[in-house]
Amino acid sequence: MPIYEYLCHACAARFEKYVRAFGERVPCPTCGAWDVEKLLSSFATTASSAGEAPARGGCCGGGCGCRH
């Protein structure tokens with residue numbers, strides 16, 4: 001299930017929610033309003049020096065601290 005970030009127009013709360021379908025409607029967990037906007041999420045990246053492979057996050061890419 002993908003996770004999406006939302007903004008509530010009624011109370012200005014930001015929250016994340018796992019959803020089963022892309023168009024699934026979700027209420028604000030703070031105030032219960034249905035007037036929420038799905039926000040465009042961006043992925044974190046790290047700039048690299050010339051000739052180096054870009055840094056990668058996630059497990060075994062430096063993001064979780066595992067050493068394999």
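Interatomic distance, CD of Glu24 versus OH of Tyr18, reported as 14.0 Å (0.5 Å rounding). Atom NE2 of His9 is separated from atom CD of Glu37 by 4.0 Å, given to the nearest 0.5 angstrom.
Looking at heavy atoms from C-beta onward, Phe15 lies in side-chain contact with Val26 at the 4.5 angstrom threshold. Side-chain atoms of Val36 and Lys17, non-hydrogen and from C-beta on, never get closer than 4.5 Å to each other.
Contact record, Tyr4 with Lys38: CD2-CD, 3.6 Å, taken as the closest heavy-atom pair. Considering all non-hydrogen atoms of both residues, Ala13 and Thr30 come closest at CB-OG1, 3.7 Å. Of all non-hydrogen atoms in Pro27 and Gly32, the two that sit nearest each other are CB-O, 3.9 Å.
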